[in-house]
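All chains are named by letter (A, B, ...) in the order of the sequence lines, taking the proteins before the strands, and each is independently numbered beginning at 1.
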2 protein chains.
Amino acid sequence: MALEHAILVSLLEKPGSGYELARRFERSIGYFWTATHQQIYRVLKRMEGDGWIDVREVPQQGRPDKKEYSVAALGRTVLSGWLHEPIEPESVRHDLAVKIRGAAFDDPAALISEVERHHRAHADRLAHYLAGQLRDFTGPEAPAAQDAGQELQHAVLRGGIAYERMMLAWLDDVLATLHRLRPER
Amino acid sequence: MALEHAILVSLLEKPGSGYELARRFERSIGYFWTATHQQIYRVLKRMEGDGWIDVREVPQQGRPDKKEYSVAALGRTVLSGWLHEPIEPESVRHDLAVKIRGAAFDDPAALISEVERHHRAHADRLAHYLAGQLRDFTGPEAPAAQDAGQELQHAVLRGGIAYERMMLAWLDDVLATLHRLRPER
DNA sequence: CTTGTCTATGCAACGAGTTGCATAGGAGGA
DNA sequence: TCCTCCTATGCAACTCGTTGCATAGACAAG
């Protein structure tokens, strides 16, 4: 389980409230790790109880008060320990692959619009990543000299970009296959 | 949730016992969907209760008897319904990406061996996929004319191959980044 | 003859993740 | 004024997934 660790990393990058974390998990972090606000609030509470993180009540004007969390010394130790122990290469779950194999027992052509929908979603994500890369790393506004943290964030982002490009190419391949199967019916 | 659907597809491709399904989930299907035997037995029982699949007791010699499951008419209907409804592009969970971003707050160089380990694991999987492709689709032993099912299975396998190649290239990228950060310490 | 491995199925407990719902103040528009 | 949206936090119930353990027959190696 690594949600705790994802939260620790995110809080080290920048302290924030449960709500803010939930929004980050919809955006940058969410590209390689998802979590709902329920999960985040529950885990934050446990982490606080275990002394991994500190809380600070922050009164706000024009909006409800928030609890800003930051990583405690113990949290850094826990994260360091996790970083040094090996993890298993992650298990994959591709609903779409199940559908594609299942289409053989139904109507392959009916899957075309679904695959096209996924294609658009991945194209959108790729555009979003590329915009982020330009803004934060390779564009004229980006800082010239980058520290280790930025270098590593960029490496992760490049992984996201590579993943989306691979998916787009593969979905094109799948679409071509589905079209090829169509006349045979 | 799609474990039921993955099982339906697998049983349509070939009927089998819970044990056999578990083995398939370690192999071909496991490349895009994982499940333990516990999960599979539990879900099979529920699916049988719901009339999605039929059971047949098969006595065996030299080994324990087994229960062979096959897809019932209702199961086909359920699968067809699922195939026709849209699914969300899957959420991702990359432990390694969390580790890489976390390494900024620890020792980036300590991650090198871990990344190399993952690199080897992905290289192994790629070799396995390529062997399977040669055996079942592109080799001299493979059937010349392929039906829709085989075409689609091949398309999914090509996706796995593309994924592993992308991962290997990205892990090379990450390793280069980690090495570049090393002298700065 | 005991130990280990493979086939084959399953229970029980726990932990992780999802879904629905609830509350509450402030902002902005119909 | 009412309705909706955004920020902000949380409970309760449920489903999904993992881990540990148990059973049991057949076979092979030591």
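- Each of A:H154, A:E151, A:R158 was compared with B:T177 under the side chain to side chain donor-acceptor pair (under 3.5 Å) criterion, and only A:R158 meets it.
- For A:R42 and D:dC11, the shortest distance from a side-chain N or O to OP1 or OP2 is not below 4.0 Å.
- In this structure, B:I7 places its CD1 atom 12 Å from P of D:dC16, rounding to the nearest Å.
- Not one side-chain nitrogen or oxygen of A:Y41 sits closer than 4.0 Å to the OP1 or OP2 atom of D:dG10.
- In this model, the phosphate group of D:dT9 is approached by a side-chain N or O of A:S17 to a distance below 4.0 Å at OP1 or OP2.
- A donor-acceptor pair under 3.5 Å links the side-chain atoms of A:R24 to the main chain of A:S10, judged by distance alone.
- Position along DNA chain C of the nearest nucleotide to A:H37 versus B:Y69 favours B:Y69 as the more 5'-ward residue.
- Regarding contacts with the backbone of D:dA8, a side-chain N or O of A:Q60 is found under 4.0 angstrom from either OP1 or OP2.
- The separation between A:K66 atom NZ and C:dG25 atom C1' is 16 Å, rounded to whole Å.
- The phosphate of C:dT7 (OP1 or OP2) has a side-chain N or O of B:Y19 nearer than 4.0 angstrom.
- The phosphate of D:dT18 has neither OP1 nor OP2 within less than 4.0 Å of any side-chain N or O from B:Q38.
- Distance CD1 (A:I40) to C1' (D:dT7): 15 Å, rounded to an integer number of Å.
- Protein atom CZ of B:R56 is 13 Å distant from nucleotide atom P of C:dA8, rounded to whole Å.
- Using a 4.0 Å cut-off between a side-chain N of Lys or Arg and a carboxylate O of Asp or Glu, A:E114 and A:R117 qualify as a salt bridge.
- Taking 4.0 angstrom as the limit, A:R23 places a side-chain polar atom (N or O) nearer than this to OP1 or OP2 of D:dT7.
- In this structure, A:M47 places its CE atom 17 Å from P of C:dG15, rounding to the nearest Å.
- Residue A:K67 places at least one side-chain N or O under 4.0 Å from the OP1 or OP2 atom of D:dG10.
- Per the geometry, NE2 belonging to A:H5 stands 11 Å off P belonging to C:dA16, to the nearest Å.
- In this structure, CD of A:E57 is placed 19 Å from P of D:dT7, rounded to the nearest angstrom.
- No donor-acceptor pair under 3.5 Å is formed between the side chain of A:W52 and the backbone N or O of A:L44.
- Between the CD atom of A:Q39 and the P atom of D:dT15 there is a distance of 18 Å, rounded to whole Å.
- Between the side chain of B:R93 and the base of C:dG17, no donor-acceptor pair of N or O atoms lies under 3.5 Å.
- Residue B:K45 places at least one side-chain N or O under 4.0 Å from the OP1 or OP2 atom of C:dG10.
- A:I7 and A:Y41 end up in different hydrophobic clusters when Ile, Leu, Val, Met, Phe, Trp and Tyr side chains are linked at under 4.5 Å.
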